[in-house]
Student: 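Input: one structure, supplied below.
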Amino acid sequence: MDNRNNGTQVLVDEFKKRWSAAGGHIFEASGTDALGEAIGQAWQTLVGPPDNERNRSLVYWVNEDLRHLPWDVIFRGVGPILAYPWDPEADIRALTTAADLGMTGCAWAVAETGTVALAASKETGLLPSILPAAHLVLIHRRQIVRTVREGLLSLDHGVLPPILKLVTGPSMTADIEGTLVIGVHGPAKVGALLYDLPMPT
Amino acid sequence: MAGILPSDPRPWPERRDAGLGNATMRTTIGVVTRRFSSGQRRVFHEYEEAEQARQVAVQAKRRAVRHMDQLIPKVRAKIESHGGQTYMAQDAREAVRLLVEIAQAHDVQTAIKTKSMLSEEIALNRGLEKAGITVVETDLGEYIIQRAHESPSHILAPAAHKNRTQIKRLLDDDARSVEMETPHSEEPADLTRFARSRLRREFLSADMGITGGNFLVAETGTLVLITNEGNADMVTSLPPVLVSIVGVEKVVETWDDLTYLIQQPAMNGIGQRLSSYTTLISGPRQPGMAEGAAEWHVVLVDNGRSSLQGTPFEDVLSCIRCGACLNVCPVFRQVGGHAYGGVYAGPIGIVETPLLTDLQVLPELPSVACTVCHACGEACPMDIDLPGHVLRLRKAKVARCIDHRSARWSYRLWSQVWSTSARYRRSLRLARIAQKLYLKNGQLKNAPGLAQGWFQSRDMPPIAPEMFHEWWQRTRGNAHGQQK
């Protein structure tokens with residue numbers, strides 16, 4: 001057990017280092033009670049303070065292990081935000097385009113490259129990770145693997161999702177005079193929120 | 001069958017001088033190529049297992065190009081089993097025709113596109129526009145040069161030859177044409193912000209998306225796209241129809257092979273462990289999903305590639321278009337991409353363009369645009385024998401009498417004269433007399449005939465009053481003995 005925890009900690013540290021080096025922000029929550037506060041910090045960093053002129057909004061989905069949480073209550077704690085759960089039936093494209101933040105879970109993450117993998121399905125849409133100006137991805141600490149190869153091999157490649165996406169840092173370009181500019185078509189700000197759940201006994 | 005590739009009709013000296021005279025391009029190309037090539041060295045230095053992965057990746061690509069014929073039906077069957085449609089185009093014309101047909105069948109008015117060297121190779125945009133279809137490039141660099149009606153000057157930095165003032169002017173014009181506010185300033189951040197909102201409109205309204213592909217995995221039917229901007233994600237998730245054009249050499253055999261290859265373009269191209277976005281498409285959208293194209297068409301293009309199979313040039317097909325050879329090439333760093341006159345610039349370009357076209361297009365490149373310094377051979381992550389191929393192509397050109405007649409005549413005379421020692425000595429004695437016409441301040445400044453070109457940028461010391469072999473004949477190496 002201890003070994004496993006130590007192993008996880010090494011991967012978490014490496015992920016944090018690589019994700020930050022690629023230009024991403026790191027947030028952490030130990031236990032579900034701390035999630036609200038961490039999301040509040042992420043909101044401040046990735047989106048900014050509340051705007052009195054208009055309502056801020058987000059589109060979100062989370063990993064299965066967090067679905068039971070009272071998300072409405074959590075977001076109310078963050079501020080006056082309109083929170084739309086991912087729903088392919090609704091006019092989700094317009095909602096996501098207008099959103100200030102996309103919040104998603106992930107399939108796995110990679111320590112060695114600072115990468116998160118998102119697999120498209122009915123319940124887990126990828127649009128929140130590309131259309132809004134900021135993207136926050138919630139990662140269970142145990143979802144981090146060491147290499148890209150490990151992550152890719154963990155998928156059942158007999159039934160791959162129609163779209164699988166590896167995100168390593170914000171959208172960027174150096175196409176004008178070789179000058180690095182962050183935030184072209186995708187989000188200019190990306191955050192990773194690492195969480196932990198109490199182990200079931 | 002030979003491929004069809006577009007080329008600049010201007011002769012090499014004109015293209016070269018245009019490159020050398022473009023100060024903007026030379027500054028930016030200098031910055032970009034040095035950053036990329038030092039990045040490549042750094043990422044391998046700091047990443048212990050990277051070298052081993054690269055070697056496995058090379059073997060995977062070699063295996064794939066050798067067995068292309070078997071992998072193509074395999075990947076087509078796999079994609080079709082996931083609901084995609086596949087096509088095979090033998091050459092550029094057929095590929096363009098297929099794309100136009102797909103677009104017309106869906107009443108496409110506007111298509112959005114990611115960067116694809118193959119689309120440049122087959123002159124796709126021109127073909128689609130002729131059919132009345134508007135194509136919008138979405139990679140920032142490609143979008144800029146599309147506004148200027150130019151071609152890319154570097155695989156990874158297509159607009160490297162433009163400065164911010166020129167770019168601002170192009171984007172101002174584009175803003176007015178769609179009644180948008182012009183960019184606030186010529187700062188790269190403001191120009192990029194404008195492009196974001198300008199292209200966002202196109203992303204949300206386009207009827208069709210067009211992508212290239214970095215890899216296509218036969219085992220799983222997966223297309224891999226790599227970008228830093230995120231435009232491939234938009235193009236693959238938003239329009240209802242997606243068309244991917246992929247060179248047949250991009251097919252790799254297994255998912256396991258991909259795990260070694262997937263980081264190679266970023267590590268060797270820009271010195272990052274992965275680019276910001278790596279997108280893997282394995283089929284059209286499934287029922288109930290809110291994103292992804294409802295229809296996915298994959299057009300495989302040969303255009304001369306399979307003619308290299310089984311030849312000493314086969315390894316050229318394992319190129320992953322990372323640009324590492326361009327970044328270290330002393331010729332590319334000076335003349336830039338446009339001087340090459342074709343779609344592919346730098347060391348890979350001077351080898352690949354003539355090879356794909358059976359030496360019909362730009363056959364001068366291996367002779368004029370290489371100093372045989374071998375830097376490309378060292379930089380190529382796929383171990384392609386680029387310097388060896390340059391020499392092999394030069395030989396092939398002589399064998400097929402492709403060079404200019406006066407060049408052939410000069411070389412033949414030279415080899416006849418210098419192939420016996422007596423004639424070699426006589427030629428130098430003659431030259432010692434004749435050089436008086438061309439001596440200035442003790443330096444040889446010019447020579448007759450073809451040798452003139454050599455002296456355009458160089459001087460040479462004159463032939464000595466007593467040459468080594470004359471001194472040797474006189475003294476037998478015993479200078480002291482002679483003095484006695």
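Naming convention: chains lettered A, B, ... in sequence-line order (proteins, then strands); numbering from 1 in each chain.
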Student: Taking all non-hydrogen atoms of both residues, which atom of Met289(B) and which atom of Pro162(A) are closest, and how far apart?
Tutor: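 Closest pair (atom of Met289(B), atom of Pro162(A), distance): SD-CG, 3.8 Å.
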Student: Of all of Glu123(A), Arg146(A), Glu150(A), which one pairs up most often with chain B through heavy atoms under 4.5 Å apart?
Tutor: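 Most pairs with chain B among the choices: Arg146(A).
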Student: Does any backbone or side-chain atom of Leu152(A) lie under 4.5 Å from a heavy atom of chain B? Answer side chain, backbone, both or neither.
Tutor: both
Student: Run the side-chain contact (heavy atoms from CB on, under 4.5 Å) check on Arg93(A) and Leu204(B) step by step: do they pass?
Tutor: CA-CA 9 Å; Arg93(A) 193 182 282 194; Leu204(B) 293 169; 4.1 Å; yes
Student: Counting only non-hydrogen atoms closer than 4.5 Å, does Ile281(B) touch chain A with its backbone (N, CA, C, O), its side chain (CB onward), both, or neither?
Tutor: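 Ile281(B) touches chain A through backbone and side-chain heavy atoms alike.
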Student: Tell me whether Glu177(A) contacts the main-chain N or O of Arg164(B) through its side chain, where contact means a donor paired with an acceptor under 3.5 Å.
Tutor: yes
Student: Taking side chain as everything from C-beta outward and backbone as N, CA, C, O, which of these in Ser275(B) sits under 4.5 Å from a heavy atom of chain A? Side chain, backbone, both or neither.
Tutor: backbone
Student: I need the residue from Ser171(A), Gly23(A), Gly186(A) with the largest number of non-hydrogen atom pairs under 4.5 Å to chain B.
Tutor: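 Between Ser171(A), Gly23(A), Gly186(A), the count favours Ser171(A).
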Student: Which bit of Leu199(B) comes within less than 4.5 Å of chain A, counting heavy atoms only: side chain, backbone, both or neither?
Tutor: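 Contact with chain A: side chain only.
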Student: Could you tell me which of Val224(B), Thr220(B), Val32(B) has the largest number of non-hydrogen atom pairs under 4.5 Å with chain A?
Tutor: Thr220(B)
Student: If you round to the nearest 0.5 Å, how far is CG of Leu127(A) from CG of Leu238(B)?
Tutor: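 Answer rounded to 0.5 Å: 6.0 Å.
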Student: Would you confirm whether Arg200(B), through its side chain, and Thr97(A), through its main-chain N or O, come within 3.5 Å as a donor-acceptor pair?
Tutor: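 Answer holds: no.
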Student: Pick one of side chain, backbone, both or neither for Leu131(A), based on which atoms fall under 4.5 Å of a heavy atom in chain B.
Tutor: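 Looking at Leu131(A), backbone and side chain both touch chain B.
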Student: For Thr28(B), is it the side chain, the backbone, both or neither that has a heavy atom under 4.5 Å from a heavy atom of chain A?
Tutor: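 The answer is the side chain of Thr28(B).
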Student: Can you tell whether the side chains of Glu49(B) and Arg149(A) come within less than 4.0 Å, N to carboxylate O?
Tutor: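 Judged by the 4.0 Å cut-off on N to carboxylate O distance, Glu49(B) and Arg149(A) do not form a salt bridge.
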Student: With rounding to the nearest 0.5 angstrom, report the CG to CG distance, Asp175(A) to Leu191(B).
Tutor: 12.0 Å
Student: So which of Trp296(B), Trp255(B), Tyr47(B) has the largest heavy-atom pair count under 4.5 angstrom toward chain A?
Tutor: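 When all of Trp296(B), Trp255(B), Tyr47(B) are compared, Trp255(B) has the most.
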Student: At a heavy-atom distance under 4.5 Å, which candidate from Thr173(A), Ile176(A), Thr124(A) has the highest pair count against chain B?
Tutor: Ile176(A)
Student: Do Leu160(A) and Thr222(B) have side chains that get closer than 4.5 Å, going by heavy atoms?
Tutor: yes
Student: In terms of heavy-atom pairs under 4.5 Å, which option from Ala188(A), Ser121(A), Ala22(A) contacts chain B the most?
Tutor: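 The option with the most such pairs is Ser121(A).
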Student: Side chain, backbone, both or neither: which part of Leu274(B) has an atom under 4.5 Å from a heavy atom of chain A?
Tutor: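 Both the backbone and the side chain of Leu274(B) come within 4.5 Å of chain A.
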Student: Say you draw a straight line from OG1 of Thr138(B) to NE2 of His185(A); how long is it, rounded to the nearest 0.5 Å?
Tutor: 5.0 Å
Student: Side chain from CB out, backbone as N, CA, C, O: work out which of these in Ala133(A) comes under 4.5 Å of a heavy atom of chain B, or both, or neither.
Tutor: both
Student: Check each atom of Arg35(B) against the heavy atoms of chain A and say whether the ones under 4.5 Å are side chain, backbone, both or neither.
Tutor: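 Side chain of Arg35(B) only, per the 4.5 Å heavy-atom cut-off to chain A.
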Student: Using the side-chain contact (heavy atoms from CB on, under 4.5 Å) rule, take Thr192(B) and Ile182(A) through it: C-alpha gap first, then chi angles, then the decisive distance, then the call.
Tutor: CA-CA 9 Å; Thr192(B) 306; Ile182(A) 306 294; over 6 Å; no
Student: Between Ser276(B) and Pro170(A), which heavy-atom pair has the shortest distance, and what is it?
Tutor: OG-O, 2.8 Å
Student: Under a 4.5 Å cutoff for heavy-atom pairs, which residue among Thr279(B), Ile270(B), Thr227(B) has the most contacts with chain A?
Tutor: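 Heavy-atom pair counts peak at Thr279(B).
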Student: For Glu229(B) and Val184(A), indicate whether the former's side chain and the latter's backbone hold a donor-acceptor pair under 3.5 Å.
Tutor: no
Student: Answer with side chain, backbone, both or neither: which region of Thr96(A) has an atom nearer than 4.5 Å to a non-hydrogen atom of chain B?
Tutor: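 It is neither, since no heavy atom gets under 4.5 Å.
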Student: Between CG of Asn231(B) and CD1 of Ile130(A), what distance do you get to the nearest 0.5 Å?
Tutor: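 Going from CG on Asn231(B) over to CD1 on Ile130(A), the span is 10.5 Å.
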Student: Does Leu126(A) offer a backbone N or O that forms a donor-acceptor pair with the side chain of Glu291(B) under 3.5 Å?
Tutor: yes
Student: Would you give the length of the straight line joining atom OG of Ser129(A) to atom CG of Asp233(B), rounded to the nearest 0.5 angstrom?
Tutor: 6.5 Å
Student: For Glu46(B), I'd like to know if atom CD has over 12 heavy atoms of other residues, nucleotides or ligands within 6.0 Å.
Tutor: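 More than 12 heavy atoms, drawn from other residues, nucleotides or ligands, come within 6.0 Å of this atom.
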Student: Would you mind reporting whether Leu166(A) and Tyr277(B) have side-chain heavy atoms less than 4.5 Å apart?
Tutor: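 No. Closest side-chain heavy atoms not under 4.5 Å.
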Student: Do any N or O atoms from the side chain of His157(A) and from the backbone of Glu219(B) form a donor-acceptor pair under 3.5 angstrom?
Tutor: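 No; judged by distance alone, with no hydrogens or angles, the pair does not exist.
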Student: Name the region of Ala119(A), side chain, backbone, both or neither, that has any atom closer than 4.5 Å to a heavy atom of chain B.
Tutor: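 Contact with chain B is absent: no heavy atom of Ala119(A) under 4.5 Å.
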Student: Sub-3.5 Å donor-acceptor pair from the side chain of Arg273(B) to the main-chain atoms of Thr168(A), do we have one?
Tutor: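 Here the side-chain-to-backbone pair does not exist.
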Student: Ignoring hydrogens, what is the shortest heavy-atom contact between Pro161(A) and Ser282(B)? Give both atom names and the distance.
Tutor: O-CB, 3.6 Å
Student: Can you tell me if His45(B) has over 12 outside heavy atoms packed within less than 6.0 Å of its NE2?
Tutor: no
Student: Distance check, rounded to the nearest 0.5 Å: Leu258(B) atom CG versus Leu153(A) atom CG?
Tutor: 9.5 Å
